[in-house]
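All remarks here apply to the structure that follows.
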Protein chains: 2
Amino acid sequence: MRISNSRVTATEVARKAGVSQPTVSLVLSRNPKARVAPATRARVLKIAQELGYRPNRLAQGLVRRRSYALGVIVPGFDNPVYAAVISGAEKVAAQAGYAVLLCEAKGSEVVQHLEALRDRQIDGVIIAGIAASTLPAAALDGLNVVLVNQPSEKFSTVGSDSLKAGTIAAEHLLALGHRRLAFLGPADAIPAFRLRERGFFQALRGAGVPLSSELIQRAAATVAGGLAGMRALLALSERPTAVFCANDLMALGAHKACSVAGVGLPRDLSLLGCDDIEMAQLVTPELSTIAVPARELGARAVRLLLKQIDAHGALPPASQLLAVKLVARGTTGQHAPAQPR
Amino acid sequence: MRISNSRVTATEVARKAGVSQPTVSLVLSRNPKARVAPATRARVLKIAQELGYRPNRLAQGLVRRRSYALGVIVPGFDNPVYAAVISGAEKVAAQAGYAVLLCEAKGSEVVQHLEALRDRQIDGVIIAGIAASTLPAAALDGLNVVLVNQPSEKFSTVGSDSLKAGTIAAEHLLALGHRRLAFLGPADAIPAFRLRERGFFQALRGAGVPLSSELIQRAAATVAGGLAGMRALLALSERPTAVFCANDLMALGAHKACSVAGVGLPRDLSLLGCDDIEMAQLVTPELSTIAVPARELGARAVRLLLKQIDAHGALPPASQLLAVKLVARGTTGQHAPAQPR
DNA sequence: TCACATTGCTAATGCGTATAAGCAACAGTC
DNA sequence: GACTGTTGCTTATACGCATTAGCAATGTGA
C-alpha cells in the first residue's frame with residue numbers, strides 16, 4: 001500500500017517498528033553478514049510494506065558512491081539504428097535496476113553532456129555514433145565507457161563487423177557482375193561508416209576493380225544526403241551500375257532519387273544499404289542491405305558496462321564483434337549490359 | 001582544469017580558499033540574498049575553477065529535494081513519432097539543466113517504471129503513447145505529470161488536435177469524391193488513435209456517409225499491423241476506395257500491401273496516414289498524411305512540466321493543443337469510378 | 001561613548017541512507 | 001562465577017551539499 005508521496009523514510013519505518021534506522025537498513029539490504037532476528041526482520045518488513053517504504057536512490061547513491069544510472073549518448077534519434085541501440089540498452093539496464101540518462105548530442109555538445117552526466121555520478125556511459133577519438137581525452141577520463149560500433153584500444157567496445165560489412169557489400173555486387181561500382185557515404189569520421197567504406201574499397205581493390213574518385217560520393221548520412229548523393233551519381237556521364245551506401249537512410253534517399261529520376265532498380269542500377277532498418281522492407285522494390293543487430297548491440301553494451309562497473313575498473317577493456325549478414329532483397333540484381341537498339 | 005575524477009568537493013575548495021564550506025556554497029549558488037565580499041567571492045571562484053569543482057547533483061538533490069531529472073515514458077522507439085517527442089523533450093530539458101530518464105514500457109510495466117522513477121526523486125514525468133486512464137490512480141499520485149497527445153482533466157497535457165486530424169482526413173477523402181471509406185486502426189485504447197478515429201467517424205456521419213463495420217479494420221499500430229489490415233480490406237468483396245490509417249506506420253504497411261497486391265495508389269485506392277514521419281516521403285507514391293508536430297510536442301511538454309515544477313504543484317492542469325495539417329501527397333487522388341469495358 | 005544596525009563569514013544542522021564500531025544480553029566453557 | 005563468543009541490536013558517523021542561525025567585526029547615529 002503506497003501512501004501518497006514516496007516520502008516515507010527509513011527512519012519512520014524504524015520508529016513504527018520500534019527499532020533504529022540502521023536496523024531497517026540492515027533488514028532491507030539483503031546483506032548476508034547482517035544478522036537480524038527473524039522476528040525483527042519480519043516486523044520491519046511488514047511495516048515497510050504497509051507504509052510503502054522505498055529507499056531514496058539519491059541518498060543511497062550519495063553514501064554508496066553509486067548512482068545506478070547509466071548515460072547513453074547518441075548523435076540523434078532520426079536514425080532508427082540508434083533508437084534500436086537505445087531500446088536494447090534501456091531494457092537490460094532497467095532489468096538490472098539501472099536508469100538510462102539519455103543524451104542527444106553532436107560535436108562539442110558531447111563534452112558538455114558528459115560533464116553533466118558526471119555531475120550526476122553516473123556509473124558508466126555508452127557512446128554510439130560518435131567517434132571517441134574526436135573527444136578530448138579528459139572528457140572520458142576515469143569513466144566507465146563502452147563504445148558502440150567503433151574499435152578502440154582504450155575503451156571497451158561492442159560492435160558489428162563493419163569492415164566485413166563493406167567486404168560483403170563488394171562481394172555481393174561483384175558476384176552480380178557489376179564492375180562499375182560507386183560508394184555513397186558521409187565525409188565525417190564516424191568509425192562505423194569509415195570501416196564499411198574501407199572494407200568495401202579493400203575488397204574491390206583485391207578484386208582488381210578499384211574505384212575512381214568520381215564514384216565516391218560524399219554526403220550526410222541521412223535520407224537527404226542519400227538523395228543528393230545519388231542525384232550527383234546519376235548526373236555522371238558514365239553512371240555506376242551499382243551503388244553501396246554507408247547506411248540504410250542514405251540508401252533510402254538514394255532509392256527515392258532513383259525513383260524520381262526514373263532509374264529502374266535493380267534493372268538500371270543495383271542499390272545496397274547497410275543496417276537493415278525496418279523501412280528497408282517498405283520501399284518498392286525492397287532495399288537490399290546488410291543487417292546489423294542494433295538492439296543486440298545496445299543490450300550487450302549495457303551488459304559489458306555493468307560488468308565493468310562491478311569490477312570497479314579493474315577490468316581491461318573488452319571487445320565484442322557481432323556478425324553482420326547480407327539481406328539480398330529487390331534492389332540488387334544481375335548486371336545487364338545496356339542493350340543498344 | 002579538470003583533475004581526473006570529479007571527486008573535488010566543496011569542502012576541498014573551501015580549505016584551499018581558506019574559507020568554510022558553506023561559504024563556497026554561498027558563492028556558487030547565485031543566491032541574491034547571500035552577501036559575500038567581492039574578494040572572497042573571486043578567490044573562491046578562482047580556486048573552484050582551478051580544481052574543476054562541480055557540485056555533486058546527488059547531494060544537491062538530496063538536500064534541495066529536487067533531482068533536476070525528468071522521466072519520459074513511451075511505449076516504444078520503433079515509432080519515429082516517439083523518437084521525435086523524446087528528441088524535442090531532451091533538448092529543452094538539457095538546456096534547462098535537467099536530465100532525461102528514459103523508459104520504454106508497455107502495459108503494466110509502466111507502473112513499475114514509474115515507481116523506479118519516483119525512487120530517483122524525479123521532478124516530473126512525461127508520458128506519451130500510453131493512456132493515463134489505464135494506470136492505477138496511485139501510480140501518478142503526487143507526481144508532476146504532463147501527458148502527450150491525450151486529453152485529461154486531471155493532468156496537464158500537450159497534444160495535437162487528433163479529433164481534427166480525423167475530421168481533416170474525412171473531409172479530404174470526401175472532397176476527392178470517395179464514398180466508400182475504410183478505417184484502419186488499433187483496437188487498444190491509446191487516446192490519440194481513438195480521437196483520430198472518432199473525428200473521422202463523426203465527419204463521415206455528418207456527411208451522411210457512415211462506415212459499415214466491415215470497413216473498420218483493427219490491427220496493431222505498426223507496419224505489420226497496417227500490412228495485415230490492408231490485406232483484409234483488399235480481400236473484401238467490395239473494396240473501399242479510400243482508407244484512412246490511424247498512423248503513418250500502419251499506412252506504410254498498408255502501402256506495402258497495396259504494392260504487393262498490385263493495387264495502384266491512388267488510382268485504385270486512396271491511402272491517407274497520420275503523423276507525417278520522414279518515411280512517408282520515401283515510398284512511391286509518397287504517402288499523403290496529416291502532419292503532427294511531434295518534436296514540438298516533446299519540447300512543449302517539457303516547458304510545461306518545468307513551469308509546473310517551479311510552481312510546486314500550485315498550478316492547475318494546463319493544456320495545449322497544436323494544430324495539425326493535411327499534407328496531400330501521392331497516395332490520395334480523385335475517386336475514379338471503375339470503368340466497365 | 002554607547003546603542004544599534006549592517007556586513008561577512010562560520011558553526012550547527014539536516015537531507016535519507018549505509019556502515020563501522022560498540023554494547024548489552026545471553027550462552028557456553030572450564 | 002569469571003572468561004570468551006555469539007547474537008541482535010544501537011550509537012556514531014559519513015556521504016556532499018544547502019540553509020538557518022548566530023557571532024564577530026565594522027560602520028552609523030545620537
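Within every chain, numbering begins at 1; the chains are lettered A, B, ... in the order of the sequence lines, protein sequences first and strands thereafter. We use all heavy atoms of the structure for the numbers below, so side chains are in, but hydrogens, waters and symmetry mates are not.
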Any idea which of C/dT17, C/dC9, D/dC17 is nearest the B/A37 side chain?
C/dC9

Measuring from atom CG of A/L297 to atom OH of A/Y82, what distance do you get when rounded to the nearest 0.5 angstrom?
11.0 Å

I'd like to know if the side chain of B/N149 pairs up with that of B/S160 as donor and acceptor (distance under 3.5 Å, no hydrogens or angles considered).
yes

Rounding to a whole Å, what distance do you find between A/R66:CZ and C/dG16:P?
23 Å

Pairwise 5' ranking along DNA chain C for B/G18 and A/L28, keeping only the more 5' one:
B/G18

Counting heavy atoms from C-beta on, name the nucleotide in D/dA18, D/dG16, D/dT10 closest to the side chain of B/S25.
D/dA18

Using heavy-atom distances to pick each residue's nearest nucleotide on DNA chain D, tell me which of A/Q21 and A/P38 is more 5'.
A/P38

Between atom CZ in B/R35 and atom C1' in D/dG27, what is the gap in whole Å?
14 Å

Rounded to whole Å, how long is the line connecting atom CZ of A/R54 with atom P of C/dG16?
17 Å

Any base atoms under 4.0 Å from A/P22, or only sugar-phosphate, or nothing? Heavy atoms, all strands.
base

In whole Å, what is the span from the CZ atom of B/R43 to the P atom of C/dG8?
13 Å

Reckon A/V24 touches a base, only the sugar-phosphate, or nothing at all at heavy-atom distances under 4.0 Å?
nothing

Phosphate OP1/OP2 of C/dG16 contacted by B/R65 side-chain N/O (<4.0 Å)
yes

What's the verdict on salt bridge (Lys or Arg N to Asp or Glu O under 4.0 Å) for B/D310 and B/R66, showing C-alpha distance, side-chain angles and the deciding distance?
CA-CA 11 Å; B/D310 287 337; B/R66 272 271 202 107; 3.2 Å; yes

Would you please confirm or rule out a distance under 4.0 Å between OP1 or OP2 of D/dC17 and any side-chain N or O of B/Y68?
no

B/T23 side chain N/O closer than 4.0 Å to the phosphate oxygens (OP1, OP2) of C/dT10?
yes

In terms of the nearest nucleotide of DNA chain C, which residue is placed more toward the 5' end: A/Q60 or B/R64?
B/R64

Among the nucleotides D/dG16, C/dA18, C/dT10, whichever has the atom closest to the side chain of B/T9 is D/dG16

note: B/L62, atom CG; C/dT17, atom P; distance rounded to Å ~ 9 Å

Give a yes or no on whether the backbone of A/Y68 and the side-chain of A/D123 come within a donor-acceptor separation of less than 3.5 Å.
yes

For A/T157 and A/S319, test the side chains for any donor-to-acceptor distance below 3.5 angstrom and give the result as yes or no.
yes

Tell me whether the side-chain N/O atoms of A/S20 come closer than 4.0 Å to OP1 or OP2 in D/dT10.
yes

Write down the distance between CG (B/L58) and C1' (C/dA18), rounded to a whole number of angstrom.
14 Å

Interatomic distance, B/Y53 OH vs D/dC17 P [rounded to whole Å]
3 Å

Has B/Q121 got a side-chain atom pairing as donor or acceptor with A/L58's backbone, closer than 3.5 angstrom?
no

Could you check how far CG of B/L26 sits from C1' of C/dA12, rounded to whole Å?
14 Å

side-chain N/O B/R7 vs D/dG16 OP1/OP2, d < 4.0 Å
no

